[in-house]
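Quick one: this structure, given as structure tokens, is what I'll be asking you about.
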Amino acid sequence: MNHPVSGIAAGLALALGSAALAHASVDTSPKPGGVYRLKPGIYVARDIGCDAPTNAAIRLYDGKGIGTAHTSACRATVRKRRASTYTVDQSCIDAGSGPGPRFVQRQQVVVRDALTFTQVIGKSRTTYRYCPVDQLPPGLRNVL
């Protein structure tokens, strides 16, 4: 004898299982780590969409430092750490690619979790969130 509840439960399980398969994506990007224990990749300012961020809203975390669209080879040297707040001297090349002068900037980085941080430079304070690769525009998908 077929019980109507077991048939509904089986149908619901099948539908939910199919939906999960249709929306699943495999994350092959690096795991959180490096100087800040953040997930390496592209971060954008909290209120900006991942699909079309402006250069000013983009930060790149590679495990060694946090770069911008106009800097490269950034390396953070931790001067002080209190819980999840890092005071660092960050050295970067002042060019998005190619040669340029290196400069050092003092900043604070507050890590909320492996996917969110706040960068404080002088009086400027901006919170950034990680963008999964499949949500980025094509030109940013192979940055790391």
*Is any side-chain heavy atom of R59 closer than 4.5 Å to a side-chain heavy atom of T68?*
yes

_Same apolar cluster: V120 and V44, side chain cutoff 4.5 Å_ = no

*Any pair with a residue in residues 111-122 that passes salt bridge (Lys or Arg N to Asp or Glu O under 4.0 Å), sequence neighbours left out, goes on the list, sorted by first then second residue, please.*
none

*Could you tell me which residues satisfy side-chain hydrogen bond (donor to acceptor under 3.5 Å, both in side chains) with S84, sequence neighbours excluded, listed by chain and number?*
none

_Under the criterion side-chain contact (heavy atoms from CB on, under 4.5 Å), I'd like the reasoning laid out for L115 against L38: C-alpha separation, chi angles, the key distance, then a yes or no._
CA-CA 6 Å; L115 304 175; L38 292 166; over 6 Å; no

_Checking R141 now: which residues fulfil side-chain contact (heavy atoms from CB on, under 4.5 Å) with it, not counting sequence neighbours?_
V133, L136

*From R125 CZ over to T118 OG1, what is the distance, rounded to the nearest 0.5 angstrom?*
5.5 Å

*asked:* List the residues meeting salt bridge (Lys or Arg N to Asp or Glu O under 4.0 Å) with D89, not counting sequence neighbours, and say none if there are none.
replied: R79, R106

_Heavy-atom pair of closest approach, residues I93 and G100_ = CG2-O, 3.6 Å

*Of all residues at least two apart in sequence or in a different chain, which pass the side-chain hydrogen bond (donor to acceptor under 3.5 Å, both in side chains) check with Q107?*
Q105, Q119

*Verify side-chain contact (heavy atoms from CB on, under 4.5 Å) between N55 and H70, making sure each step is shown before the conclusion.*
CA-CA 8 Å; N55 282 347; H70 304 290; 4.1 Å; yes

*Say you draw a straight line from OG1 of T87 to NZ of K80; how long is it, rounded to the nearest 0.5 Å?*
5.5 Å

*asked:* I'd like to check the side-chain hydrogen bond (donor to acceptor under 3.5 Å, both in side chains) partners of T77; sequence neighbours left out, ordered by chain and number.
replied: none

*Between R46 and T127, is there a donor-acceptor pair closer than 3.5 Å when you use the side chain of the first and the backbone of the second?*
no

*Which heavy-atom pair separates T126 from A45 by the least distance, and what is that distance?*
CG2-CB, 4.1 Å

*Taking only residues two or more places apart in sequence or in another chain, which ones pass salt bridge (Lys or Arg N to Asp or Glu O under 4.0 Å) with R81?*
none

_Which residues pass the salt bridge (Lys or Arg N to Asp or Glu O under 4.0 Å) test with R75, not counting sequence neighbours?_
D62

*State plainly whether one hydrophobic cluster holds both V88 and V104, where clusters connect Ile, Leu, Val, Met, Phe, Trp and Tyr through side-chain heavy atoms under 4.5 angstrom apart.*
no

*So if you build clusters from Ile, Leu, Val, Met, Phe, Trp, Tyr with side-chain heavy-atom gaps below 4.5 Å, do Y128 and V110 land together?*
no

_Summary of ring-ring contact (aromatic ring centres under 6.0 Å, His included) pairs that have at least one residue in residues 76-107, sequence neighbours excluded_ = Y36-Y86

*Over all heavy atoms of both residues, which pair between G49 and R129 is shortest? Give the atoms and the distance, please.*
CA-NH2, 3.8 Å

*Inter-residue atom distance I58.CD1 - I42.CD1, 0.5 Å rounding*: 6.0 Å

_Within the structure provided, determine whether V35 and V78 are in side-chain contact (heavy-atom separation under 4.5 Å)._
yes

*Would you mind listing every disulfide (SG to SG under 2.5 Å) that reaches into residues 102-135, with sequence neighbours excluded?*
C50-C131

*Any side-chain heavy-atom pair from P32 and P40 closer than 4.5 angstrom?*
no

*Sole residue of I66, V109, T71 in side chain to side chain contact (heavy atoms under 4.5 Å, CB included) with Q90*: I66

*Using the disulfide (SG to SG under 2.5 Å) rule, collect all pairs that involve residues 87-117, keeping only residues at least two apart or in two chains.*
C74-C92

*Could I get the full list of ring pair (Phe, Tyr, Trp, His ring centres under 6.0 Å) partners for Y43, not counting sequence neighbours?*
F117, Y130

